[in-house]
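Hydrogens, waters and symmetry mates are skipped; everything else that's a heavy atom, side chains included, is used.
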Amino acid sequence: MNYSTLIDQLVKAFQRLPGVGPRSAQRMVLYFLEKDRDGGRHLAKALAEAVEGVGQCQRCRTLSENPICHICSDPKREQNLLCVVETPADVFAVEQSSSFRGYYFVLMGHLSPIDGKGPDEIGIRELLNLVRKTEITEVILATNPTVEGEATAYYIAEQLKTSDLDDRQLKVSRIAHGIPIGGELEYIDGGTLLHSFAGRQIISDN
Ligand SMILES: [Zn+2]
C-alpha cells in the first residue's frame, strides 16, 4: 500500500525496531496519528532526548546519561566483585534477578574477528585498568554461553592471568550453566540466572 510520504517514512522508521514487521509498524503509526497525537509527541521528544543525552558510563561502559552510571556510583555495592557481561540488557537482567550486588563491566558485544571486534572494541584495556585501580578480588565472567561468549570469557581470563595483576589474590569465575547452551542472558528467567550465579566456578585462582 502507498501512504503519503510522511506516513511512509514513519512506517519505515518503526520497522527498524527488532521484531517489528510492516504490518505492526503500520498499526503503530496509524494508532498515533488517529488516536494519540499527544502520545506521539511525547514519544518523539523522549526518543530525541535519549538519543542525544544517553552516552556510556566511563567506568563500566553501560548506557548512562551521567559520566558515571548509578550502579558505579553506588558505594553500598560489594566493592570486591566485578561481573563482566556483553550488553546493557544483560546488566538489567542480572539486576532484576537480584543474583549479584557487585559492580559491572559491559563489553558491548563479544570478540568476533569477522565483524572487526577485537580486544580494543570490547574494552579489554579499560577492564584491566578498572581491576587494577579498584579493590576487585573476583571477576565473574557472565558472557553468554554461546561459542563467541565462551571464547571471549576465556580470552579475558587469560588476560587477567598474564597481566600485572598476578600478585593480587584475584579470582576469575565463570557463571554456571543453568543457562541453556546457545541461550542469551537477556531472555533467561530470574530463577535460572540465580542458580547460574550461585553455581559459578572458579576458572583461575592466582
Ligand atoms: Zn557504570
Side-chain angles (χ1 to χ4, degrees), residues 50 54-111 122-146 148-150 152-161 163-181 183-206:
V54 176
Q56 277 178 262
C57 171
Q58 288 168 9
R59 192 179 125 118
C60 74
R61 312 209 322 160
T62 201
L63 295 175
S64 170
E65 61 192 271
N66 298 311
I68 300 294
C69 76
H70 72 283
I71 294 175
C72 286
S73 46
D74 180 357
K76 289 199 291 290
R77 301 193 64 110
E78 289 184 55
Q79 303 291 324
N80 57 336
L81 288 181
L82 185 74
C83 177
V84 177
V85 293
E86 293 188 22
T87 67
D90 296 337
V91 175
F92 282 118
V94 176
E95 282 297 289
Q96 277 158 16
S97 74
S98 309
S99 8
F100 177 75
R101 284 292 299 164
Y103 296 102
Y104 293 92
F105 186 84
V106 183
L107 302 169
M108 290 289 179
H110 47 240
L111 287 177
I122 62 169
I124 295 302
R125 206 173 330 129
E126 289 91 334
L127 171 62
L128 294 176
N129 280 337
L130 178 62
V131 175
R132 232 172 250 135
K133 68 183 186 206
T134 54
E135 296 154 31
I136 303 290
T137 54
E138 180 176 353
V139 178
I140 301 168
L141 301 173
T143 50
N144 289 321
T146 55
E148 298 84 357
E150 293 292 351
T152 305
Y154 277 95
Y155 177 81
I156 295 173
E158 284 303 306
Q159 292 299 306
L160 289 167
K161 225 190 298 178
S163 69
D164 52 333
L165 294 157
D166 260 3
D167 50 339
R168 181 99 64 99
Q169 295 291 313
L170 187 68
K171 276 183 196 162
V172 181
S173 57
R174 180 88 176 100
I175 50 169
H177 298 166
I179 296 174
I181 300 299
E184 293 185 21
L185 246 58
E186 189 185 340
Y187 303 110
I188 304 301
D189 66 282
T192 306
L193 209 47
L194 196 69
H195 264 115
S196 304
F197 269 82
R200 68 181 185 266
Q201 309 245 323
I202 304 295
I203 57 179
S204 156
D205 194 352
N206 290 333

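Under the 4.5 Å side-chain criterion, counting only non-hydrogen atoms from C-beta, Phe105 is not in contact with Val139. Using a 4.5 Å heavy-atom threshold, the side chains of Asn80 and Glu138 count as separate. Tyr104 has its side chain within reach of Arg77: a pair of non-hydrogen atoms, C-beta onward, lies under 4.5 Å apart.
Between Gly149 and Glu86, the shortest heavy-atom distance links the atoms CA-OE2, 3.6 Å. Among all heavy-atom pairs drawn from Met108 and Pro88, the shortest one is CE-CG, 3.6 Å. Contact between Gln56 and Arg61 at its shortest, heavy atoms only, is NE2-O, 3.0 Å. In plain terms, the two heavy atoms of Tyr103 and Ile71 that are nearest each other are CE2-O, 3.2 Å. Counting all heavy atoms, side chain and backbone alike, Cys57 lies closest to Cys60 at SG-N, 3.4 Å.
Remark: the backbone N or O of Leu185 is paired with a side-chain donor or acceptor of Asn144 at under 3.5 angstrom. Remark: side-chain polar atoms of Arg200 are not paired, donor with acceptor, to backbone N or O of Arg174 under 3.5 angstrom. For Asp74 (side chain) and Lys76 (main-chain N/O), a donor-acceptor pair under 3.5 Å exists by modelled atom type.
Between atom CZ of residue Phe100 and atom CG of residue Leu193 there is a gap of 11.5 Å, rounded to the nearest 0.5 Å. The CG atom of Leu160 sits 8.0 Å away from atom CD1 of Ile124, with the distance rounded to the nearest 0.5 Å. Note that the CD1 atom of Ile175 and the SG atom of Cys83 stand 7.0 Å from one another [nearest 0.5 Å]. Note: Lys171 NZ to Ile136 CD1 = 13.5 Å, rounded to the nearest 0.5 Å. Atom CG of Leu127 sits about 8.5 Å away from atom CD1 of Ile122, to the nearest 0.5 Å. For the atom pair Leu107 CG and Thr87 OG1, the distance stands at 9.5 Å (nearest 0.5 Å).
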Given Leu81 and Arg101, is the side chain to side chain contact (heavy atoms under 4.5 Å, CB included) satisfied, shown in steps? CA-CA 8 Å; Leu81 288 181; Arg101 284 292 299 164; over 6 Å; no
Would you check, one step at a time, whether the test side chain to side chain contact (heavy atoms under 4.5 Å, CB included) holds for Glu150 with Thr143? CA-CA 7 Å; Glu150 293 292 351; Thr143 50; over 6 Å; no
Going through the distances and angles, do Val84 and Thr152 end up as a side chain to side chain contact (heavy atoms under 4.5 Å, CB included)? CA-CA 10 Å; Val84 177; Thr152 305; over 6 Å; no
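At most 12 non-hydrogen atoms from other residues, nucleotides or ligands lie less than 6.0 angstrom from CD of Glu65.
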